[in-house]
Amino acid sequence: MIDLTTSVAGLDLANPVMCASGTFEYNPAAPPPFDVNRLGAVVVKSITLAPQSGNSPSRLAESASGLINSVGIPSLGLEDFLCHGLGKYNGLRGRLVVSVAGYTPEEYAHIVAAVAQRPQVDALELNFSCPNLRSKIMPAQDAGLLRECMAAARAVTTKPLWAKLSPNVTSIVEMAEHAQDTGADAVVLINTIRATAIDIYRHQVILGHHTGGLSGPAILPIALAMVWDVALASDIPVIGVGGISSWEDALMFILAGASAVQVGTATFRQPLAMMHILDGLAGHLAATGISRLRELVGTALASGGGRRW
Ligand code: RRO
């Protein structure tokens, strides 16, 4: 019997595979071509306090093995989410994680307090790292602001809080420690990497916001190194995300210390990617005679010689 269960800071998941925020919209009126209840968790696109329309087009540009987005969190706002958006997930049997984005510590506290009260919400992912917002500085790039936002959210709920961090920092380990210090139960590593693209015929930058965030296979080794660094240096649970498109990719993150993984850009190319990853992980365990996936979490860390920081 293959056991794919895992847990993230005490929150049990049926398996380690979840969708990355903003890359998979669940709508029971137009269901996806797979059983959503097979996912370890569904992570909802970030919601903001006030409605906002997102960035002007173009919002997407392709690059080698990657996708650059500058979507800018189109959001109907907190009230709409609570009245209409959240209800779409009522039929789900798996875990539900709501991603939250704010512009100030007070906004994080306000949204988290309201969303966390809802019984169907199992955890909140605090998006501190969207590269496409109007604010000049994101919390994930400013230790003081990160600490304020994290502490403000922590003060209003006992539900699990996952801090999603940015790769665009000098030390991901230090930022993860700031998040843990101020109340994060887990860190989600990584958000997209700041990037851009130029239209060579128009001599213009392609994205309406000028720059965006790079995702997809191009960023996998970078994300993996950050998961590895944080897992080696600290005991905060890590959720790995960045370019995962196969079960082998997912397994690398798990061996590097991720308790669970998120799949984003791969779903755009292959809508069944998450199911293939799930099946592939189960097949690998069966083939290698390992019955429990959680036994594999972090097992490659020993080859790194233990703690380095
Ligand atoms: O909406 C976006 O532009 C966006 C978000 Br919230 C995020 O967290 N990461 C990203 O690459 N794009």
Side-chain angles (χ1 to χ4, degrees), residues 18-25 42-63 65-78 81 85 97-104 107-108 111-112 115 124-142 145-146 149-150 153 161-169 172 175 179 184 186-197 205-220 222-223 226 239-244 262-268:
M18 45 185 124
C19 54
S21 172
T23 63
F24 173 75
E25 181 76 24
V42 168
V43 186
V44 176
K45 169 81 178 164
S46 300
I47 53 162
T48 55
L49 181 56
Q52 58 180 41
S53 51
N55 293 335
S56 49
S58 294
R59 290 177 169 183
L60 295 176
E62 287 189 52
S63 71
S65 298
L67 178 68
I68 310 173
N69 86 85
S70 70
V71 176
I73 320 189
S75 167
L76 295 172
L78 177 63
F81 178 72
V97 180
V98 176
S99 171
V100 164
Y103 289 93
T104 63
E107 278 196 17
Y108 277 100
I111 308 170
V112 168
V115 171
L124 292 94
E125 183 175 280
L126 305 182
N127 188 351
F128 292 137
S129 48
C130 175
N132 301 325
L133 295 182
R134 61 176 187 267
S135 38
K136 286 268 182 297
I137 190 81
M138 57 170 89
Q141 288 178 319
D142 178 316
L145 187 56
L146 174 66
C149 292
M150 190 65 239
L161 296 178
W162 303 348
K164 187 164 182 180
L165 299 182
S166 171
N168 290 123
V169 292
I172 193 69
M175 298 316 273
V187 286
V188 182
L189 306 177
I190 57 175
N191 209 316
T192 52
I193 300 175
R194 190 165 177 272
T196 196
V205 73
I206 291 175
L207 299 166
H209 189 64
H210 300 169
T211 62
L214 178 65
S215 62
I219 75 166
L220 185 148
I222 299 167
M226 292 194 167
I239 296 152
V241 51
I244 297 172
Q262 297 181 348
V263 179
T265 307
T267 299
F268 298 140

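One-based numbering, in listed order, for ligands and for the atoms of each. This is a predicted model, so every value here is computed, not measured.
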State, with a plain yes or no, whether a side-chain heavy atom of [X] is found less than 4.5 Å away from one of [Y].
X    : Y    : result
I73  : N132 : no
I47  : L78  : yes
S166 : M138 : yes

Locate the shortest heavy-atom distance separating V44 from S21; write the atom from each residue and the value.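 Heavy-atom minimum between the residues: O-OG, 3.0 Å.
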List, pair by pair, the atoms of ligand 1 and of the protein that are both N or O and lie under 3.5 Å apart, giving the separation rounded to 0.1 Å.
{"from": "ligand 1", "atom 1": "1 (O)", "to": "K45", "atom 2": "NZ", "distance (Å)": "2.7"}
{"from": "ligand 1", "atom 1": "1 (O)", "to": "G72", "atom 2": "N", "distance (Å)": "3.4"}
{"from": "ligand 1", "atom 1": "1 (O)", "to": "I73", "atom 2": "N", "distance (Å)": "2.9"}
{"from": "ligand 1", "atom 1": "3 (O)", "to": "N69", "atom 2": "OD1", "distance (Å)": "3.2"}
{"from": "ligand 1", "atom 1": "3 (O)", "to": "V71", "atom 2": "N", "distance (Å)": "3.2"}
{"from": "ligand 1", "atom 1": "3 (O)", "to": "G72", "atom 2": "N", "distance (Å)": "2.6"}
{"from": "ligand 1", "atom 1": "3 (O)", "to": "N132", "atom 2": "ND2", "distance (Å)": "2.8"}
{"from": "ligand 1", "atom 1": "8 (O)", "to": "N127", "atom 2": "ND2", "distance (Å)": "2.8"}
{"from": "ligand 1", "atom 1": "8 (O)", "to": "N191", "atom 2": "OD1", "distance (Å)": "3.4"}
{"from": "ligand 1", "atom 1": "8 (O)", "to": "N191", "atom 2": "ND2", "distance (Å)": "2.8"}
{"from": "ligand 1", "atom 1": "9 (N)", "to": "N191", "atom 2": "OD1", "distance (Å)": "2.8"}
{"from": "ligand 1", "atom 1": "11 (O)", "to": "N69", "atom 2": "ND2", "distance (Å)": "2.8"}
{"from": "ligand 1", "atom 1": "11 (O)", "to": "T192", "atom 2": "OG1", "distance (Å)": "2.6"}
{"from": "ligand 1", "atom 1": "12 (N)", "to": "N69", "atom 2": "OD1", "distance (Å)": "2.9"}
{"from": "ligand 1", "atom 1": "12 (N)", "to": "N132", "atom 2": "ND2", "distance (Å)": "3.3"}

Step by step, would you call V188 with M18 a side-chain contact (heavy atoms from CB on, under 4.5 Å)? CA-CA 12 Å; V188 182; M18 45 185 124; over 6 Å; no
Just jot down the side chain to side chain contact (heavy atoms under 4.5 Å, CB included) partners of A218, sequence neighbours excluded, or say none.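 With neighbours one apart ignored, the set is S65, L214.
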